[in-house]
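Have a look at the structure below, then the notes.
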Amino acid sequence: MTAYDSLMAFQRETEALGQIAGRLGWDQETMMPRGAAHQRGEEMAALQSVLHARRTDARIGDWLTTIDRAALDPVATAQLREITRSFQRNTKVPTKLAAEIARVTSKSQGEWAEARSNEDFKAFVPTLERVVALRQEEGQALADGGDPYDALLQDYEPGTTAAELDEMFGALRPRLTALRSAIFEKPAPKAVDGAFDEAAQLALSQRLALDFGYDMNTGRIDKAVHPFSSGSGQDVRITTRTNIADPFNCFYSTIHEVGHAAYEQGVSGAYALTPIGQGASMGVHESQSRIYENQLGRSRAFTGYLFGKMRDAFGDFGIDDEDSFYAAVNRIHAGYIRTEADEVQYNLHVLLRFDLERQLIAGDLQVADLEDAWNSRFEADFGYAVDKPSNGCLQDVHWSVGLFGYFATYTLGNVYAGCLYESLRDAVPSLDADLAQGNTSNATAWLRDNLQQHGGLRTPRDTIAHATGTSPSEGPLLAYLDAKFGALYQL
Ligand code: ZN
């Protein structure tokens, strides 16, 4: 066996163990008996310590120095790029620091949940200060004298920098705030009204998952409090939820997660259980969920199809025609919560978090001042004041568990989705006619052929550039939003 073969055989087992850890996580959110929580914690910790030992195994370093890189094909080169990144990431952080981060963040989530339910940000300040300090230390260890926040970003979107994102996000913010202000001066369209049977919602959401090409032979759908997708290759599961008054929550959560799952199911089988056998990054992943959910799922054409299906399932729900239904699906509404935000306001939520977390990691903003900073930024961008911490800086779990650098990938995903949609429209002239019949097969085939099948073969930016033929920018997303909501609200 060559050094490359030995390394890949070792890596394959690590990837398989990683998939098992993911499936335990899925089980915890869906099936696990409540009384099993403590034991599950020990099981996960044991598996994580095996994984950490494998990811920092000194033999990886030896193999990486022995391999003759000049002789490798593009697939092997990409595998080494990913293995090298993971090995350096895991060996640069001192074991003691990694253990302390794991210890503190396993407790801090519970403390965040308690502070949130008590509407008491001050009670959470000491814990969050500790989490921020640990991530600052970790960022410094990873950065080798470079920028600690940039170093943290690499976990979610390899190759990107805060400066690059700042330029892109800086261009989005004034355009999005202007669009939201213009919309709020117009009358709000009618919303759907009534009680929507939850079993019927689940049945229709399964129909939609199949319409979008989700393969139930290598997948399954269960209920969870927060929808997610989990797994790669031949076992890619999704979850959804229901709300009796809001069927769109169920339908569009499902389509969103199908986008994530279709990406994993679409990766070439030749890459199974290897580092490139999964999505290229969080941002590219989110581009798939978003284009399925928004550009395709919330289009005029597809909502026409959905309207018919909803009338069949629920009878009269206060909306009489396809155009009014399209307006109801795409209704822009005031609100505080990122995960409930519409297409126009969603990215403003993310931009707020991106700016504040950079300041926290840089030490330019103290945790004790976070709530005030959040509230004043929110009022500036949204036009009304935050009423309580659970609607403000305590709404998301991310910071409590030390996820700094993650939020940006949500907006990057929307930006990438804008770029992909522009190319997709050119490539599939029958798109609207297809979607009006509930037929996504030409659209999803284009995404699979041009993006999904390649998994992590290319870096995130190159993955988008390969699919679209041009390097990603915010322009297409803004043009799409202006055109769609300009027409809907007669701006
Ligand atoms: Zn997502």
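The analysis underlying the following values was restricted to heavy atoms, covering all of them including side chains, and did not include hydrogens, waters or symmetry mates. Atoms within each ligand, like the ligands themselves, are counted from 1 in listed order.
For the residue pair Q265 and T218, a side-chain donor N or O sits within less than 3.5 Å of a side-chain acceptor on the partner.
Note on the Zn ion (ligand 1): protein N, O or S atoms under 2.8 Å away count 3, no waters included.
Ion pair D211/R207 flagged as a salt bridge, since at least one NZ, NE, NH1 or NH2 atom sits closer than 4.0 Å to an Asp/Glu carboxylate oxygen. Taking a cutoff of 4.0 Å between a charged side-chain nitrogen and a carboxylate oxygen, E357 and R353 do not qualify as a salt bridge. Classification of R237 and D222 as a salt-bridged pair fails, no side-chain N sitting under 4.0 Å from a carboxylate O.
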Pair F354-F407, ring pair (Phe, Tyr, Trp, His ring centres under 6.0 Å): steps then yes or no: CA-CA 6 Å; F354 171 73; F407 280 120; over 10 Å; no

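The salt bridge (charged side-chain N to carboxylate O under 4.0 Å, His left out) contacts involving residues 452-463 comprise E164-R461, where partners must be two or more places apart or lie in separate chains.
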